[in-house]
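Only one structure is covered here, and it is reproduced in the block below.
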2 protein chains.
Amino acid sequence: MQNSEAMALSAALLAVAGELTQRIHDGVVARGFEGVRPAHGFAFARLAPGGATVTELAAHLGVTKQAASQLVDEIVRKGYAERRPHPGDARARLVVLTERGWDCTRAAEEAAAEAVRAWAAVTGEAEVRKLGRLLGRIAPYGPVRPAW
Amino acid sequence: MQNSEAMALSAALLAVAGELTQRIHDGVVARGFEGVRPAHGFAFARLAPGGATVTELAAHLGVTKQAASQLVDEIVRKGYAERRPHPGDARARLVVLTERGWDCTRAAEEAAAEAVRAWAAVTGEAEVRKLGRLLGRIAPYGPVRPAW
DNA sequence: GGATAATGGTCAACCTGCTTGACTACCTTG
DNA sequence: CAAGGTAGTCAAGCAGGTTGACCATTATCC
């Protein structure tokens, strides 16, 4: 495969990813959840199944635990999560989603589904499924399984 | 298509995009170009075919012209581009790539090709081509044609 | 069991990249 | 040629991240 072909593929992939991020964000805002940024979505995904500690969250987001702690401050202040004592480790605190956090997560799901439906309208649903299978095989850390 | 399926597709897409960005960046650094960030790559792509003004670059990157101007300062200081007087408009300045800027752009191409070849090793080259076609159809602003 | 090291979390200071606002120089339109 | 629009820069401020230091708790190892 030629370099220029790889570059075209890369450019298309990054463009689609950027637009998807934007559309999900817009969709979430349109559903009434303000003051939430794309980074929060990645955090919610890690928090959803039973919560996580700040350190775990930091590892998942690829930032320092200080940055993760600040992010948690923010989503707690905005009512999307809360800090609870950690069962079995008095040093740690378990960060869990509130009901509002779950609502926001579901809104993100709907927004993502909406964006993907727009693709299906262009290429057909079968092709979109094919896309999903291809990306799932290519994705780092093996096939991606959403945690929510 | 179910919401959870759309979410899995989205997660895989964003994961792949993130990893691709990382791999291209690493590849560029490994080829001896330090102090460049992913955002510079998007700038280079706009500058490559004949240069661009700061305002055009700002529009392409989706930032203010002040931010674009700062970015140009940086890549000029690092030797990747230079400001030339604009033919036909004394207010404007044409930002063009230097030879080193072109070298860096080619290095990014090679790094992208390398990353894509890694995918072909997993799914086969035919599948990767299929992926490129699908993404090209889905990408915003119609099929993406790289400018370099 | 108790000293020592490792881990979870926070506070504080700083850095970087971007934004808003104000301004100058030049172009365009009547 | 006057009046308004456009290209670009300067300056100040903000937001989100980093590094470094620190305390409380837990794990390790004679």
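Bear in mind that the values here come from a model prediction, so they are computed numbers and not experimental data.
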Exercise. What nucleotide among C:dT10, D:dA11, D:dG17 has an atom nearest to a side-chain atom of A:Gln70?
Worked result: D:dG17
Exercise. Any donor-acceptor pair under 3.5 Å joining the side chain of A:Gln66 to the base of C:dG8?
Worked result: no
For this session: Among the candidates D:dA21, D:dT9, C:dT19, find the nucleotide nearest to the side-chain atoms of B:Thr64.
Result: C:dT19
Problem set entry | Salt-bridge present (B:Glu56, B:Lys65; N to O < 4.0 Å) | no
Exercise. What parts of residues 51-61 of chain A reach DNA chain C, counting only heavy atoms under 4.0 Å away?
Worked result: A:Thr53, A:Val54, A:Thr55
Exercise. Does anything in residues 81-94 of chain A reach DNA chain C, meaning a heavy atom under 4.0 Å, and if so which residues?
Worked result: A:Arg83, A:Arg91, A:Ala92, A:Arg93
For this session: Calculate the interatomic distance between B:Arg77 atom CZ and C:dT16 atom P; express it in whole Å.
Result: 10 Å
Exercise. Can we say B:Arg37 and B:Glu74 salt-bridge, meaning some charged N sits less than 4.0 Å from an Asp/Glu carboxylate O?
Worked result: yes
Exercise. For B:Lys65 and D:dC10, what is the distance between atoms NZ and P respectively, to the nearest whole Å?
Worked result: 13 Å
Problem set entry | Donor-acceptor contact present, side-chain A:Thr98 to main-chain A:Gly79, <3.5 Å | yes
Problem set entry | A:Arg37 side chain near D:dG16 phosphate (N/O to OP1/OP2, under 4.0 Å) | yes
For this session: Linking directly or through intermediates, with side-chain heavy atoms under 4.5 Å: list the remaining ILVMFWY members grouped with A:Val96, chain and number order.
Result: A:Leu94
Exercise. Got a salt bridge between B:Arg100 and B:Glu82, using NZ or NE/NH1/NH2 to carboxylate O under 4.0 Å?
Worked result: no
Problem set entry | Residues B:Arg129, A:Glu5: salt bridge by 4.0 Å N-O rule | yes
Seminar exercise, completed: Rounded to whole Å, CG of A:Asp73 lies from C1' of D:dA15 at a distance of 14 Å
Problem set entry | B:Arg23 and B:Glu114 ion-paired at < 4.0 Å | no
For this session: Return yes if some donor-acceptor pair links the side-chain N/O of B:Lys78 with the main-chain N/O of B:Gly35 below 3.5 Å, else return no.
Result: yes
